[in-house]
Amino acid sequence: MGNSFICRKKKDTKDNGSRSKRVGRSQRKMLAEEEFLHRQALSMALHQHQLSQRFDGSMSRRIGTTSSRRHSDPLANNEKKVLESLENVKFKRIILIHGEGFGAWCWYKTIAQLEEVGLQPTALDLTGSGIDLTDTNTVTTLAEYSKPLIQYLENLPEDEKVILVGHSSGGACLSYALEHFPEKISKAIFLCATMVSNGQRPFDVFAEELGSAERFMQESQFLIHGNGKDKPPTGFMFENQLMKGLYFNQSPTKDVALAMVSMRPTPLGPIMEKLSLSPEKYGTGRRFYIQTLDDRALSPDVQEKLVRENPPAGVFKIKGSDHCPFFSKPQSLHKILVEIVQIP
């Protein structure tokens, strides 16, 4: 057998060489596609930021013009009804807050769908996320992590309110904002998110899935020690295969590829911080919760527990959705968001 291997014909060698070249070309093509997806994601996030500054109040008029060109679309009548039903809605600004590791880029489908019905979505990058260049290892508090959202709320006109949507650990930023700016928030929508109670840490919500916070800090192989191995961990990031299983078990392949080249480490300090939430401020906010029923990162049981312990004004459920409904069930998510926007 060894001789037959050594004495391969030149033709065999040539065939193997051709196959190797093909594999090499295939790998290069795949890497090129991933790089393209990455650039596309960053471009989307930057474009969205520019749009939010340029169009502001004229967004509805701009989108209305676009919709009128689609008279041949079989869904045009439904879209028209939604547009009409949203005409009398007072507050149309929707601020989209991503979860751990994600960025403004993850909302690209949701942004397009909300704009089409005349709403005004803006997706923000939290500090050290998306295209924000801050080193995640330097982000140690929830106040620092939430700074882009807080600055946005501080700059709102006095008579303006917004609807906040927070995904996963981004729910902690919503709770923080509700405590500090309740008068500027019309509704807060927690999307399979960490809707914590007073004195609770965002990480405590995931504790049943990942083990105790202390055990995670001692044993997890996904921790990042940005200040050196002998210092406390500063962040974490799951490896790709685990991330796919936890977050994207129902998401389209292209969206998973986009996420794999766009996600960044999550600062650990903000999710290990206990929130101080008062009945006078946080308690006056109108909260809604959207549950994802095929979620492996934050199980339906844990989400149900969050709702029981900290009851919101309304609960909605998305069947067949993984932890990222903006990828796996964008139409269902869009429908629920529009429905919540219309609640008086």
Side-chain angles (χ1 to χ4, degrees), residues 23 26-42 45 98-106 125-139 145 167-170 172 192-194 201-272 292 294-299 302 321-328:
V23 170
S26 175
Q27 289 175 337
R28 287 195 296 273
K29 183 179 179 183
M30 184 173 65
L31 289 172
E33 288 176 348
E34 286 187 351
E35 178 62 24
F36 172 74
L37 283 169
H38 183 56
R39 290 198 304 270
Q40 191 178 47
L42 296 180
H98 61 82
E100 68 282 357
F102 292 85
W105 53 267
C106 73
D125 281 318
L126 297 174
T127 307
S129 306
I131 60 173
D132 184 281
L133 299 179
T134 306
D135 181 359
T136 55
N137 294 305
T138 66
V139 183
Y145 192 48
H167 172 242
S168 199
S169 64
C192 51
T194 52
R201 298 177 297 188
F203 186 87
D204 292 338
V205 175
F206 293 95
E208 292 183 33
E209 312 287 337
L210 301 172
S212 71
E214 289 70 26
R215 182 180 175 187
F216 182 79
M217 295 285 280
Q218 291 171 4
E219 300 179 8
S220 178
Q221 59 183 308
F222 307 112
L223 291 172
I224 298 169
H225 293 261
N227 298 322
K229 279 287 183 182
D230 58 331
K231 300 287 175 49
T234 53
F236 73 93
M237 187 171 188
F238 298 121
E239 58 92 21
N240 284 359
Q241 283 307 116
L242 179 58
M243 202 183 296
K244 288 177 182 178
L246 281 175
Y247 293 124
F248 310 114
N249 48 296
Q250 297 293 338
S251 293
T253 304
K254 288 184 178 179
D255 289 326
V256 177
L258 174 64
M260 290 301 98
V261 296
S262 303
M263 294 187 77
R264 291 178 60 185
T266 301
L268 200 57
I271 64 171
M272 290 295 185
T292 44
D294 198 7
D295 195 326
R296 295 178 184 173
L298 196 64
S299 72
V302 172
S321 172
D322 57 24
H323 194 57
C324 302
F326 39 76
F327 289 156
S328 59

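Quick caveat: nothing in here was measured; it's all calculated off a predicted structure.
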(message) D132 vs L126, test: side chain to side chain contact (heavy atoms under 4.5 Å, CB included). Steps then yes/no.
(response) CA-CA 7 Å; D132 184 281; L126 297 174; over 6 Å; no
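Under the 30°/60° scheme for interplanar angles, the aromatic rings of F327 and W105 are found to lie parallel. Ring planes of H323 and H167: tilted class, angle from 30 to 60°.
When side chains are defined from C-beta on, H98 does not count as touching F326, because their heavy atoms never get closer than 4.5 Å. You'll find the side chain of C192 reaches within 4.5 Å of the side chain of P325, heavy atoms only. The shortest distance between side-chain heavy atoms of F238 and E100 does not fall below 4.5 Å.
To the nearest 0.5 Å, atom CG of residue L298 and atom OG1 of residue T194 are 8.0 Å apart. To the nearest 0.5 Å, the span separating CZ on F206 from OG on S168 amounts to 3.5 Å. For the atom pair CD1 of I131 and OG of S262, the computed distance is 11.5 Å after rounding to the nearest 0.5 Å. Rounding to the nearest 0.5 Å gives a distance of 7.5 Å between CD of E239 and CD of Q221. Once rounded to the nearest 0.5 Å, the distance linking NZ of K231 with CG of N137 reads 12.5 Å. Atom-to-atom distance recorded for R296:CZ and D322:CG is 9.0 Å, nearest 0.5 angstrom.
Not a single donor-acceptor pair under 3.5 Å links the side chain of S129 to the backbone N or O of G103. Under the 3.5 Å distance criterion, the side-chain polar atoms of T234 are matched with a main-chain donor or acceptor of I224. Side chain of R201 to main chain of I271: no donor-acceptor pair is present (N/O by atom type, distance under 3.5 Å, no hydrogens or angles). Under a 3.5 Å cut-off, the side chain of H225 and the backbone N or O of D230 do not form any donor-acceptor pair.
F222 and F236 have their aromatic ring centers separated by at least 6.0 angstrom.
In terms of heavy-atom proximity, F102 sits nearest to C324 at CZ-SG, 3.5 Å.
Q250 and S328 form no side-chain donor-acceptor contact under 3.5 Å, judged by distance and modelled atom types alone.
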